[in-house]
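Okay, so here's the structure we're looking at.
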Amino acid sequence: MPERAGRLPAPGRKARAGNVGAGGGICRLHRAWAGSGGAESGAAGAPGYTVATAAAPRLEEDDEERRKRRGGTLLRGAGFRVRGRLRSLRAGLRRLRRATMEKSWMLWNFVERWLIALASWSWALCRISLLPLIVTFHLYGGIILLLLIFISIAGILYKFQDVLLYFPEQPSSSRLYVPMPTGIPHENIFIRTKDGVRLNLILIRYTGDNSPYSPTIIYFHGNAGNIGHRLPNALLMLVNLKVNLLLVDYRGYGKSEGEASEEGLYLDSEAVLDYVMTRPDLDKTKIFLFGRSLGGAVAIHLASENSHRISAIMVENTFLSIPHMASTLFSFFPMRYLPLWCYKNKFLSYRKISQCRMPSLFISGLSDQLIPPVMMKQLYELSPSRTKRLAIFPDGTHNDTWQCQGYFTALEQFIKEVIKSHSPEEMAKTSSNVTII
């Protein structure tokens with residue numbers, strides 16, 4: 001069947017054969033063209049073979065680099081996780097330590113409160129049974145009874161130290177009536193301390209020449225009466241010194257709330273100074289503290305804690321400390337051998353004066369029958385201030401030294417010297433000396 005024998009192959013087979021033949025021809029042409037030595041074929045053929053032979057090693061290098069990067073990423077991630085766990089562990093330890101400290105602090109406070117309560121109950125029992133203890137000791141003797149009697153007396157003295165030190169009701173109307181200045185500009189002020197106690201102040205303003213630049217004296221009075229009883233002294237200060245005066249009634253005095261205590265008086269003084277700093281009409285660079293008797297101890301404490309805000313201090317007929325005063329007033333009893341914790345009020349001015357480097361004026365009345373004048377001289381000697389003065393008045397008593405001749409002259413001279421010493425050339429000229437008037 002010639003037609004069948006000469007029939008063309010199926011289309012599929014032809015295509016495959018054509019493809020194979022074409023492929024073989026292309027390969028032969030490619031080899032001939034690449035090996036013909038022509039310029040173009042040599043230039044193009046050689047790199048083509050070079051790329052083909054270098055591709056496999058480069059792929060292997062890329063895989064190796066990717067594996068290294070992947071490994072480094074994994075290591076960094078693991079490092080981040082470890083550091084995160086370490087941070088969490090440290091934070092947990094800090095929280096545990098803080099919780100432990102808080103628990104120990106709470107436990108200590110609880111134990112402290114119970115010890116104080118137990119000591120208070122024991123002292124109360126000893127005070128109640130003091131007379132039976134004395135009678136029993138008289139009849140039978142014994143060291144234990146003598147020790148109990150001593151504890152009873154110490155408890156009574158500790159409990160009534162406030163009664164022996166603070167006299168807010170002398171005279172009897174001091175808590176009911178506070179005299180106010182008449183005929184002069186003044187402000188009756190009430191402020192709050194950090195512990196919420198309401199204090200009464202009187203601000204007397206100087207209205208003469210250069211009044212906006214006048215110094216301000218914060219006046220801390222003694223342990224009796226109220227600020228109204230100090231108005232005669234304050235008004236003479238206003239006239240002679242040309243200053244603003246802020247008179248302070250401590251807690252428990254005059255119209256102020258609360259009960260007097262050492263820590264309470266310190267809080268009162270801090271609140272008053274903070275109030276002065278909020279007044280835009282008062283020159284904050286000329287703040288003077290004045291304290292008489294107990295007020296001197298308050299002024300020294302405030303100055304020792306706020307040396308950057310106080311220009312100068314002036315203290316009059318004050319003491320070294322309450323323990324020193326106790327050993328002076330009760331010389332028949334060995335008070336000097338009692339430890340400090342036996343004193344409810346200490347007012348350790350002889351220690352705190354070492355922190356008062358601002359200009360200081362010590363005013364001493366040699367006729368003081370309550371506080372030995374030698375204490376004022378000792379405070380003067382303990383003061384580290386470069387500008388310190390000691391004004392001595394032979395006829396000055398405890399409360400009336402301000403009535404002595406030359407009193408206001410000494411204060412005026414000191415204030416002017418302090419104001420002038422703000423300039424550097426004047427500070428170099430200042431030196432310590434003693435003024436005897």
Side-chain angles (χ1 to χ4, degrees), residues 112-138 145-176 195 197 220-226 229 249-254 256-269 291-298 301 317-350 368-372 375 398-399:
E112 185 181 10
R113 285 197 300 269
W114 270 102
L115 288 176
I116 293 174
L118 180 62
S120 179
W121 294 337
S122 302
W123 275 346
L125 180 62
C126 288
R127 290 197 305 271
I128 295 172
S129 58
L130 178 59
L131 184 59
L133 286 174
I134 293 175
V135 173
T136 306
F137 177 77
H138 180 71
L145 287 174
L146 181 62
L147 180 62
L148 290 175
I149 291 173
F150 177 78
I151 293 175
S152 301
I153 295 174
I156 292 172
L157 291 176
Y158 187 89
K159 191 69 176 179
F160 289 98
Q161 279 184 46
D162 291 345
V163 178
L164 297 173
L165 180 59
Y166 306 112
F167 300 94
E169 297 183 358
Q170 290 187 9
S172 58
S173 61
S174 297
R175 294 285 283 159
L176 302 174
D195 58 343
V197 178
F220 297 106
H221 62 72
N223 64 338
N226 58 47
H229 300 140
D249 255 341
Y250 315 120
R251 59 184 65 200
Y253 284 77
S256 297
E257 300 174 349
E259 295 182 0
S261 66
E262 181 178 6
E263 292 301 324
L265 266 61
Y266 292 160
L267 290 174
D268 297 346
S269 64
R292 177 178 292 130
S293 188
L294 177 65
V298 177
H301 169 81
N317 295 335
T318 189
F319 45 77
L320 292 171
S321 69
I322 294 298
H324 284 87
M325 285 299 302
S327 61
T328 300
L329 297 176
F330 304 100
S331 57
F332 57 89
F333 193 77
M335 300 293 289
R336 67 184 63 188
Y337 301 110
L338 290 178
L340 282 178
W341 55 264
C342 291
Y343 294 91
K344 189 176 182 181
N345 301 280
K346 302 177 182 65
F347 291 103
L348 304 177
S349 297
Y350 72 97
D368 190 341
Q369 299 297 319
L370 181 60
I371 296 177
M375 290 191 181
H398 183 68
N399 291 314

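Treat the numbers as computed from the prediction; the structure is a model and nothing was measured.
Outside the 6.0 Å centre-distance limit, the rings of F167 and Y253 are not counted as a close aromatic pair. When ring centroids are compared, Y350 and H324 come within the 6.0 Å threshold.
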When you look at V197 and S256, which way does the side chain to side chain contact (heavy atoms under 4.5 Å, CB included) test go after all the steps?
CA-CA 8 Å; V197 178; S256 297; 5.8 Å; no

Check step by step if side chain to side chain contact (heavy atoms under 4.5 Å, CB included) holds for N345 and Y166.
CA-CA 11 Å; N345 301 280; Y166 306 112; 2.9 Å; yes

Please walk me through it: do L340 and K346 pass side chain to side chain contact (heavy atoms under 4.5 Å, CB included)?
CA-CA 8 Å; L340 282 178; K346 302 177 182 65; 4.1 Å; yes

When you look at L320 and M325, which way does the side chain to side chain contact (heavy atoms under 4.5 Å, CB included) test go after all the steps?
CA-CA 8 Å; L320 292 171; M325 285 299 302; over 6 Å; no

Steps toward side chain to side chain donor-acceptor pair (under 3.5 Å) verdict (N317, H398)
CA-CA 6 Å; N317 295 335; H398 183 68; 4.8 Å; no

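Under the salt bridge (Lys or Arg N to Asp or Glu O under 4.0 Å) criterion, E259 pairs with no residue at all, not counting sequence neighbours.
The backbone N or O of Y266 lies less than 3.5 Å from no partner atom in the side chain of Y250, so there is not a single donor-acceptor pair. A side-chain donor-acceptor contact under 3.5 Å links Q161 to the backbone of K344. The backbone N or O of L348 sits nowhere less than 3.5 Å from a side-chain atom of S321 that would complete a donor-acceptor pair. Between the H301 side chain and the V298 main chain, no donor and acceptor come within less than 3.5 Å of each other. No side-chain donor-acceptor contact under 3.5 Å links S173 to the backbone of L176.
Remark: I322 CD1 to F347 CZ distance equals 6.5 Å, nearest 0.5 Å. For the atom pair D368 CG and F319 CZ, the distance stands at 11.5 Å (nearest 0.5 Å). Taking CD1 from I371 and CD from Q369, the interatomic distance works out to 12.0 Å, rounded to the nearest 0.5 Å. Distance check: F330 CZ to L164 CG gives 6.0 Å after rounding to the nearest 0.5 Å.
Using a 4.0 Å cut-off between charged nitrogen and carboxylate oxygen, D249 and R175 do not count as a salt-bridge pair.
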